[in-house]
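Everything on this sheet refers to the single structure shown next.
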Amino acid sequence: MEIHALKLLITQDELNAAAARVLPSEAPLRDVKVRLTAEGVYVEGVYAVLMGLPFETRWKVGVREGKLAARLAGIRVIGVGVGMLNGLLMSAVAEAAAREEALQVEGDTVLLDVDRLLARQGFPSRTNLTAVRCAEGQLWIEASNRV
């Protein structure tokens with residue numbers, strides 16, 4: 001299967017429902033919510049290790065080498081230095097991503113190989129992703145066989 005033209009809309013509510021389904025119950029993240037704005041994807045919640053730390057991250061999304069890319073653009077956590085947090089957060093993301101072969105972490109960027117993800121679900125494909133953009137409450141993913 002090869003996608004020649006696609007414009008996919010994913011809503012904020014759909015992303016929140018997916019996050020609730022895929023986050024394991026033993027994960028130290030609680031009350032995770034996704035918020036979509038023109039500035040990017042915000043993920044907020046509580047990181048509950050020793051005590052509950054409320055956090056908010058902002059991710060810039062795009063396409064890199066045919067993969068969905070989300071680059072950590074900002075992080076806020078009450079009571080912890082931001083410099084230390086970036087490394088801790090990306091280490092935790094890399095550890096979680098290691099369980100999914102379609103995910104890869106490079107520095108402060110998470111890459112999702114949609115083609116690999118679909119193939120694992122029985123849909124070998126070439127998506128030809130060209131753009132990802134955010135709007136208020138919406139995530140748009142576009143594909144075209146024209147570059």
Side-chain angles (χ1 to χ4, degrees), residues 3 5-121 125-144 146-147:
I3 294 175
L6 169 75
K7 196 170 201 177
L8 174 67
L9 167 65
I10 303 172
T11 68
Q12 182 172 287
D13 291 341
E14 292 166 331
L15 285 175
N16 279 304
R21 275 193 318 273
V22 300
L23 275 175
S25 59
E26 69 276 1
L29 300 176
R30 303 283 179 258
D31 304 323
V32 174
K33 291 181 182 53
V34 177
R35 185 169 44 92
L36 300 170
T37 73
E39 291 80 38
V41 178
Y42 288 82
V43 179
E44 59 187 56
V46 176
Y47 183 65
V49 177
L50 298 175
M51 62 180 169
L53 290 173
F55 71 89
E56 178 182 84
T57 58
R58 182 170 55 93
W59 301 83
K60 287 290 208 181
V61 294
V63 174
R64 188 165 96 193
E65 298 171 7
K67 299 174 184 171
L68 289 179
R71 184 184 56 79
L72 180 62
I75 184 169
R76 284 188 335 176
V77 176
I78 297 171
V80 181
V82 172
M84 183 176 94
L85 277 179
N86 280 5
L88 287 173
L89 174 66
M90 293 313 298
S91 291
V93 169
E95 184 178 317
R99 293 189 289 268
E100 171 54 62
E101 65 183 34
L103 286 174
Q104 178 182 354
V105 176
E106 293 180 0
D108 63 353
T109 303
V110 178
L111 300 169
L112 172 61
D113 186 336
V114 176
D115 294 347
R116 179 177 268 181
L117 184 67
L118 289 172
R120 271 200 29 243
Q121 300 300 318
S125 61
R126 197 163 111 205
T127 54
N128 298 310
L129 296 179
T130 55
V132 179
R133 61 184 172 82
C134 289
E136 210 58 44
Q138 302 175 333
L139 178 69
W140 289 91
I141 300 173
E142 299 178 24
S144 171
R146 293 179 199 82
V147 179

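Sequence positions, counted from 1, serve as the residue numbers for this chain.
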Residue list, side-chain contact (heavy atoms from CB on, under 4.5 Å) with [X], at least two apart or on another chain:
| X | answer |
| --- | --- |
| Leu29 | Leu23, Val32, Tyr47, Phe55 |
| Asp108 | Arg71, Leu72 |
| Ile3 | Leu6, Thr127, Ala143 |
| Glu56 | Arg35, Tyr42, Glu44, Arg76 |

Suppose the criterion is side chain to side chain donor-acceptor pair (under 3.5 Å): which pairs have a residue in residues 13-24, not counting sequence neighbours? Thr11-Glu14
N/O donor-acceptor pairs under 3.5 Å from side chains in residues 58-66, not counting sequence neighbours:
unit_1 : atom_1 : unit_2 : atom_2 : d
Trp59  : NE1    : Thr57  : OG1    : 2.9
Lys60  : NZ     : Glu39  : O      : 3.2
Arg64  : NH2    : Glu106 : OE1    : 2.2

Should Val114 and Leu112 be marked as a side chain to side chain contact (heavy atoms under 4.5 Å, CB included) after you check the CA-CA gap, both sets of side-chain angles, and the distance that decides it? CA-CA 6 Å; Val114 176; Leu112 172 61; 4.2 Å; yes
Which heavy atom of Leu36 sits nearest to which heavy atom of Ile10, and what is that distance? CD1-O, 4.0 Å
Work out which heavy atom in Cys134 is nearest to a heavy atom in Gly40; give both atom names and the distance.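 Heavy-atom minimum between the residues: SG-C, 3.8 Å.
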To the nearest 0.5 Å, what is the distance between OG1 (Thr109) and CG (Leu68)?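 Reported to 0.5 Å precision, the distance equals 12.5 Å.
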Quick note, salt bridge (charged side-chain N to carboxylate O under 4.0 Å, His left out) partners involving residues 129-140, not counting sequence neighbours, are Arg133-Glu142
Show your reasoning for whether side chain to side chain contact (heavy atoms under 4.5 Å, CB included) applies to Leu118 and Gln121. CA-CA 5 Å; Leu118 289 172; Gln121 300 300 318; 5.6 Å; no
Let's go through Lys67 and Leu129 carefully: what are the C-alpha distance in whole Å and the side-chain angles of both, what is the deciding distance for side chain to side chain contact (heavy atoms under 4.5 Å, CB included) to 0.1 Å, and is it a yes or a no? CA-CA 7 Å; Lys67 299 174 184 171; Leu129 296 179; 6.0 Å; no
